[in-house]
Asks: 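Attaching a single structure in structure tokens format; questions to follow.
Throughout, protein chains are lettered first and strands after them, A, B, ... in sequence-line order, and every chain is numbered starting at 1.
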2 protein chains.
Amino acid sequence: MNKIQESENCKNCNCKSSIFKSLTPEELDQIDKGRYTVHYKAGEILFKQGTPSPHFVCLTNGLAKLYIEGYGKNLILALVKPVDYIFGPGIYVDNRHYYSAAAVEETTACLVDVNIFKLLIRKNPDFAEEFIQRVSRQAIFNFDQVVSLTQKQMPGRIADVLFYLREKIYDKNPFEITISRQDLADLSGMSKESSIRIFKELKEEGILKVNGNTVEILNEKQLRQISQTG
Amino acid sequence: MNKIQESENCKNCNCKSSIFKSLTPEELDQIDKGRYTVHYKAGEILFKQGTPSPHFVCLTNGLAKLYIEGYGKNLILALVKPVDYIFGPGIYVDNRHYYSAAAVEETTACLVDVNIFKLLIRKNPDFAEEFIQRVSRQAIFNFDQVVSLTQKQMPGRIADVLFYLREKIYDKNPFEITISRQDLADLSGMSKESSIRIFKELKEEGILKVNGNTVEILNEKQLRQISQTG
DNA sequence: CTGACTGATTGATATAGATCAATAGAATAT
DNA sequence: ATATTCTATTGATCTATATCAATCAGTCAG
């Protein structure tokens, strides 16, 4: 991920998430007061499922994974890249995290006091609406994911993950995969070995070109087909 | 489900969903203006995935299922009973339904104009906050479901569905299952035949007592165990 | 009462995908 | 440079679960 210029203040920060666009300069000042910046090395945990959630996280550099620690394995709900924020549902329920977050690459994040955020939600209807919109989009994404995971076979699920990585995360083709094969498996709800095997098959069929961690989707049509047929 | 007394007006309606508690009488009047009551027979569709979503639905009687029509099969996201509302994420995104809803039993619902609802979200911060809380709880529920569906084996998934039915839907033990075996399967992400088989096994092990459609959880501890071990 | 449709049940079979085990590379430490 | 550790890869085996097919029970129209 490209390095984004950080700022000393939320007002003139060019890495602020788009939901903040409806906030006035004064409101951004409020946010800024309860904010601090933290750096994480790859692999480090931002927060753990089950722990209290006193702030929400805005990613300004790097890449993080959000994952549920289930029964033996993990399920990756989403990857988060700059500039996006991580705002779990627990904040409006019992102030706990319902999933864990870990840095996949070297990562920088702003932590913002959750109470200030909640206050602004009450005060600024545009901001509230923007927020509800984000939460809604997230829910729709989760629907797609759960259908993919429960109704498609492995090749379809891997296809979906590949499209996700290309369109939502790395934003180009070819792209360099910076997550591990285990992460790939946790994203597609299968064993690490299976994800590797499907990956290989797609490569052998000429649908993917794989060079180390650099992946290119050569035959988009066919991959789309695989995604559809499950 | 017991029949709940309906009213001619939202203000003195005793079947209003609890999120409306933060609304003033005037605001309830507004809701009431764009509201109408509809009856559905068992099996009838309230709305279809993909169609526009001009109102949100508040269930006052009966039982409905919310389900995603996937690749060949359906996935039931939730059952909805009185008094609860159905408010899909599409309303704040592109005004489309992202899942379908159908009556499982004879059902009555109030349809409320979505624009009035949105207006009140902007106007009344308590209402907005209440709404966000609901959406958050829903998200947490979905997390639990996706973990159950992707990481547990069939007995664990059926156990989860049984607890769901007892605790969240029928609210008693023994309870009478009013959904079909196919619905049971769509709730637990497996084939109809498999759901029947697991059901039978639980009965034979003495964990369940089954009499027609009346089910009693006899050994809660053991069923909880099955849910845990996957 | 009787055929005919629908949902529930059971059994037999096939297979997608997990698991286990071994090896090969890469990366990091000594 | 070498040892060590961790991740990636491949192969062999096993099993959970789907699918197919048949039967059974209940319900409804005539």
Side-chain angles (χ1 to χ4, degrees), chain A residues 41-44 65 70-76 102 104-106 148-161 176-204 208 210-215 226-227 229-230, chain B residues 41-44 65 70-76 102 104-106 148-161 176-204 208 210-215 226-227 229-230:
Chain A
K41 286 200 275 282
E44 285 184 347
K65 61 178 175 183
Y71 300 80
K73 0 180 194 181
N74 294 338
L75 173 71
I76 296 182
V104 171
E105 305 171 6
E106 181 105 13
S148 176
L149 290 176
T150 58
Q151 305 197 342
K152 292 185 183 180
Q153 315 206 139
M154 295 198 296
R157 282 181 267 156
I158 288 289
D160 288 343
V161 170
E176 206 207 331
I177 293 191
T178 54
I179 64 174
S180 70
R181 297 305 150 115
Q182 183 63 60
D183 287 338
L184 215 63
D186 291 344
L187 265 169
S188 49
M190 65 184 73
S191 71
K192 165 178 95 259
E193 292 94 330
S194 290
S195 77
I196 289 169
R197 263 184 268 265
I198 304 295
F199 215 74
K200 191 181 153 200
E201 277 173 37
L202 292 173
K203 183 180 159 187
E204 282 166 357
L208 292 185
V210 182
N211 194 341
N213 273 324
T214 305
V215 175
I226 289 170
S227 161
T229 52
Chain B
K41 286 200 273 281
E44 285 185 347
K65 59 177 174 184
Y71 301 81
K73 3 180 192 177
N74 294 337
L75 173 71
I76 297 182
V104 172
E105 307 170 6
E106 180 106 12
S148 175
L149 289 176
T150 58
Q151 305 197 344
K152 293 185 184 182
Q153 310 202 150
M154 296 198 297
R157 282 182 268 154
I158 289 288
D160 287 344
V161 169
E176 207 206 329
I177 293 189
T178 55
I179 64 175
S180 70
R181 297 306 150 113
Q182 183 63 61
D183 288 338
L184 214 62
D186 291 343
L187 266 169
S188 50
M190 64 185 73
S191 72
K192 167 178 92 257
E193 293 93 331
S194 290
S195 77
I196 290 169
R197 264 184 267 267
I198 305 294
F199 216 74
K200 192 182 152 200
E201 276 173 38
L202 292 175
K203 182 179 157 187
E204 282 166 356
L208 292 184
V210 183
N211 193 340
N213 273 323
T214 305
V215 175
I226 289 170
S227 161
T229 52

Asks: Between A:Asn213 (CG) and C:dA26 (P), how many Å, whole number?
Replies: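 So the two atoms are 11 Å apart, to the nearest Å.
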Asks: Whole-Å distance between D:dT17 P and B:Gln151 CD?
Replies: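 About 13 Å, once rounded to whole Å.
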Asks: In whole angstrom, give the distance that lies between atom CD1 of A:Ile179 and atom C1' of D:dT7.
Replies: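 From A:Ile179 CD1 to D:dT7 C1': 14 Å.
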Asks: Output the single nucleotide from D:dA18, C:dT10, D:dA16 whose closest atom is nearest the side chain of B:Met190.
Replies: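 Ranking D:dA18, C:dT10, D:dA16 by closest atom to the B:Met190 side chain puts D:dA18 first.
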Asks: Rounded to whole angstroms, how far apart are NZ on A:Lys152 and C1' on D:dA18?
Replies: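 It works out to 19 Å between those atoms.
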Asks: Can you tell me if the side-chain N/O atoms of B:Arg181 get under 4.0 Å from OP1 or OP2 in C:dT9?
Replies: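 Yes, B:Arg181 has a side-chain N/O under 4.0 Å of OP1/OP2 on C:dT9.
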Asks: Could you state the CD-C1' distance from B:Glu204 to C:dT9, rounded to the nearest angstrom?
Replies: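 One finds 12 Å between C1' of C:dT9 and CD of B:Glu204, rounded.
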Asks: I need the B:Glu201 CD to B:Leu208 CG distance, nearest 0.5 Å.
Replies: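 Here the interatomic distance stands at 11.5 Å.
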Asks: Are a donor atom and an acceptor atom from the side chains of B:Glu105 and B:Thr178 found within less than 3.5 Å of each other?
Replies: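 There is such a pair (donor and acceptor under 3.5 Å, judged by atom type) between the side chains of B:Glu105 and B:Thr178.
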Asks: Take B:Thr150 and A:Lys73 through the side chain to side chain donor-acceptor pair (under 3.5 Å) test and state the conclusion after the steps.
Replies: CA-CA 10 Å; B:Thr150 58; A:Lys73 0 180 194 181; over 6 Å; no
Asks: Considering only side-chain heavy atoms of B:Ser180, which listed nucleotide, D:dG11, C:dA18, C:dA8, is closest?
Replies: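 Of D:dG11, C:dA18, C:dA8, C:dA8 is nearest to the side chain of B:Ser180.
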Asks: If you check every side-chain atom of B:Ile196, which of C:dT9, D:dT17, D:dA8 has the closest atom?
Replies: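 Output: C:dT9.
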Asks: State, to 0.1 Å, how close B:Ile198 and B:Pro155 come at their nearest heavy-atom pair, and which atoms those are.
Replies: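 Looking at all heavy atoms of both residues, the closest pair is CG2-CA, 3.8 Å.
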Asks: Output yes when at least one side-chain N/O atom of B:Arg197 is less than 4.0 Å from OP1 or OP2 of C:dA8, else no.
Replies: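 For C:dA8, neither OP1 nor OP2 has a side-chain N or O of B:Arg197 closer than 4.0 Å.
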Asks: Rounded to the nearest Å, what distance is computed from the CD1 atom of residue B:Ile177 to the P atom of nucleotide C:dG7?
Replies: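 One finds 17 Å between P of C:dG7 and CD1 of B:Ile177, rounded.
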Asks: A:Lys192 side chain: which of D:dT9, D:dA18, C:dT10 is closest?
Replies: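 Closest of the options to the side chain of A:Lys192: D:dT9.
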Asks: Figure out the NZ/C1' separation between A:Lys203 and D:dT10, and round it to whole Å.
Replies: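 Rounded to the whole Å, the gap is 13 Å.
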Asks: Can you identify which nucleotide, out of D:dC20, C:dT19, C:dG17, has its nearest atom closest to the A:Glu193 side chain?
Replies: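 Nearest to the side chain of A:Glu193 among the choices is C:dT19.
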Asks: If only side-chain N and O atoms count, and only distance matters, is there a donor-acceptor pair under 3.5 Å linking B:Lys152 with B:Thr229?
Replies: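 Not at all, the side chains of B:Thr229 and B:Lys152 share no donor-acceptor pair under 3.5 Å.
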Asks: CD of B:Gln153 versus P of C:dG17: gap in Å, rounded?
Replies: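 Distance, rounded to whole Å: 15 Å.
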Asks: Strictly below 4.0 Å: does A:Ser194 bring a side-chain N or O up to OP1 or OP2 of C:dA18?
Replies: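 True: A:Ser194 side-chain N/O within range (under 4.0 Å) of C:dA18 OP1/OP2.
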